[in-house]
Each structure stands twice: as structure tokens, then as C-alpha cells.
Amino acid sequence: MPILPPRQNQLHFSLKIGFTAFMAVLVPYYWIEYGPTNFVYFCDIALFLTLASVWTQKPIFASMAAVGITLPQVLWQFDFLTQLVGMPVIGMTDYMFNPEISLFARGLSFFHFWLPILLIVIVAKLGYDKRAFWAWTLTAWAAMLISYFGLPEPGAVLSFTNQPSNVNYVFGMSAEAPQTMMPGWAWLTMMLVGLPVLIYLPTHWVLAKCFASPTP
């Protein structure tokens, strides 16, 4: 029995307008500043899935995004808060406190903090679609394969200054050079298997336990 049944499967119009306005600012700015390949990142894919969900009110889209990013973004939230109180732990949000990066750009990037919260609210409203685990896993596999075979590795010569490299960490955890602990294909295979097993599946179980399936 789910802990939280769907409360009301209608999303407020103000949410649709507010989120769409945010996307109308973020997408052209990121396209110009970082290029279109920036949207291969998992978190950016989740933004588009959220946009689809708020307008269509189809639970599958929000459920997919929640499966994919909730746990990693909780880590982002934790690191941001520890940075905020001057006790950094991981360092993944160092850039949010870099004065050389414009406040506007950092403000846009703050979506990493509030997006998982919004997704949980949407899933609570619409219900959790249990197909989301496999739907997101296939999406993530496609994004990782594109990142590995089509996008720059860390340390590569970039076409322009802010072009993303090592998208979705398919070459290792460093932004400076590919990992050397194992062959590149082995790292990629570990990502393809490890993320669904260690991140997506546990998140799926929790969401399925906490939230009811969508009402017809």
C-alpha cells in the first residue's frame, strides 16, 4: 500500500507558466553559452521531461526524471548546503561560489537544488508510473553512449571555450583527464550497469512504495 496516494491529478496553471518561463530563459542561454550538447546531461534531460509533464500531466515524464536525478541531486543539495556554511565535503558545487562565474549563470544552475523537490511534488500529485525505471534507464543509456562516442573526453581540444566535455562522467570522474584505473570501455560498461542497479532501481523502489500508481 503506497504511503501517499495521489492528492489531485491537476497541476496548477501557475506552475506551468512559471516553469515554462524558466525554461524559456535557460534553454537559449545554455545553447549560446555551452552549445546544444549541454542538453545531453542527465539533469538537462530531466528538465525537458519535467516540462513535458507539467503540460501533458502524464505521470511517466515526471516519474522518469525523478528516478534519474533525485538521488544524485540530493547529493548536490547536501554539498551546496555544506559549502554555504563553510564546511565543504565533496566539492561538486564549488562553481556555485565562484565569483568569476556570473551570478545569473549560477542562479540558473540552482535548478539542481529545487528540481528534485518539484519532481516529488509532481509525482505526489499525478502518481508514480512504474514504467519509469526502464524508460529512464533506456534514456540514460542513450545519453551515455552519445557522450562516450560523440562528445569530447576530458582534456580534449574543444571547439569553443565552454563546450562540455566528459558529459555524464562517461570517461571518469575527473574534468582534467580520462580515468586510468581500467580500460575506457570497462568504465563505460560499469556506468551502464552501475547507475541502473545502484541509483535508479533503489529510487524506483522508494517512489513506488511511497506514491500510488496514476489514476486512470
Side-chain angles (χ1 to χ4, degrees), residues 2-27 29-30 38-81 90 92-93 96 106-144 167-169 195-216:
I3 298 172
L4 298 172
R7 292 179 293 171
Q8 175 187 359
N9 68 349
Q10 286 290 324
L11 300 176
H12 199 279
F13 188 67
S14 61
L15 170 61
K16 302 178 187 222
I17 295 301
F19 190 77
T20 302
F22 171 76
M23 291 292 285
V25 174
L26 179 140
V27 170
Y29 179 84
Y30 275 20
N38 191 80
F39 299 112
V40 181
Y41 278 112
F42 296 147
C43 51
D44 292 272
I45 294 172
L47 283 172
F48 287 102
L49 288 170
T50 306
L51 183 64
S53 185
V54 299
W55 281 106
T56 67
Q57 301 203 124
K58 292 184 182 296
I60 183 64
F61 298 124
S63 300
M64 288 171 63
V67 164
I69 72 158
T70 297
L71 196 53
Q73 296 309 289
V74 165
L75 190 61
W76 195 100
Q77 293 170 338
F78 173 74
D79 190 67
F80 179 84
L81 292 174
I90 305 169
M92 67 188 299
T93 61
M96 290 294 289
R106 285 180 282 161
L108 288 178
S109 189
F110 192 66
F111 82 83
H112 291 89
F113 192 97
W114 55 258
L115 182 61
I117 300 171
L118 174 62
L119 286 168
I120 295 301
V121 170
I122 295 174
V123 169
K125 284 270 191 181
L126 303 181
Y128 176 67
D129 191 322
K130 294 179 182 178
R131 298 173 298 173
F133 168 72
W134 282 112
W136 174 264
T137 296
L138 292 174
T139 301
W141 282 346
M144 284 188 277
V167 173
N168 297 319
Y169 302 106
L195 289 180
V197 171
L198 300 177
I199 304 294
Y200 308 152
L201 191 57
T203 305
H204 164 73
W205 284 337
V206 171
L207 292 174
K209 182 70 174 177
C210 291
F211 302 106
S213 299
T215 53

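Keep in mind the model is a prediction, meaning the values are calculated, not measured. All residue numbers refer to positions in the sequence shown, counting from 1.
From L126, atom CG reaches atom CD1 of I60 across 11.5 Å, with rounding to the nearest 0.5 Å. One distance of note links CH2 of W114 with CD of Q77; it measures 12.0 Å at 0.5 Å rounding. Considering CG of L11 and OG1 of T56, their distance stands at 9.0 Å, rounded to 0.5 Å. Rounding to the nearest 0.5 angstrom, the gap separating the CZ atom in F39 from the CG atom in D44 is 6.0 Å. Distance check, rounded to the nearest 0.5 Å: CG of L75 to OG1 of T70 gives 13.0 Å. Rounding to the nearest 0.5 angstrom, the gap separating the CZ atom in F48 from the CG atom in L51 is 7.5 Å.
A heavy-atom distance below 4.5 Å is not found between the side chains of S63 and L207. Between L119 and Q73 the shortest side-chain heavy-atom distance does not fall below 4.5 Å. Counting only heavy atoms from C-beta outward, the side chains of F42 and W136 approach each other to under 4.5 Å.
The only member of I69, L118, I45 that meets side-chain contact (heavy atoms from CB on, under 4.5 Å) when paired with T50 is L118.
A donor-acceptor pair under 3.5 Å links the side-chain atoms of D79 to the main chain of T93, judged by distance alone. Side-chain N or O atoms of D129 include none that pairs as donor or acceptor with a backbone N or O of P214 at under 3.5 Å.
By the ring-ring contact (aromatic ring centres under 6.0 Å, His included) test, F111 is found to be paired with no residue, residues two or more places apart in sequence or in another chain being considered.
The aromatic rings of H204 and Y128 are tilted relative to each other, their planes meeting at an angle between 30° and 60°.
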Can you give me every donor-acceptor pair (side chain of residues 13-23, partner residue at least two apart or in another chain, under 3.5 Å) with its distance?
residue: S14; atom: OG; partner: H12; partner atom: ND1; Å: 2.8
residue: K16; atom: NZ; partner: V54; partner atom: O; Å: 3.3
residue: T20; atom: OG1; partner: K16; partner atom: O; Å: 2.6
residue: T20; atom: OG1; partner: W55; partner atom: NE1; Å: 2.7

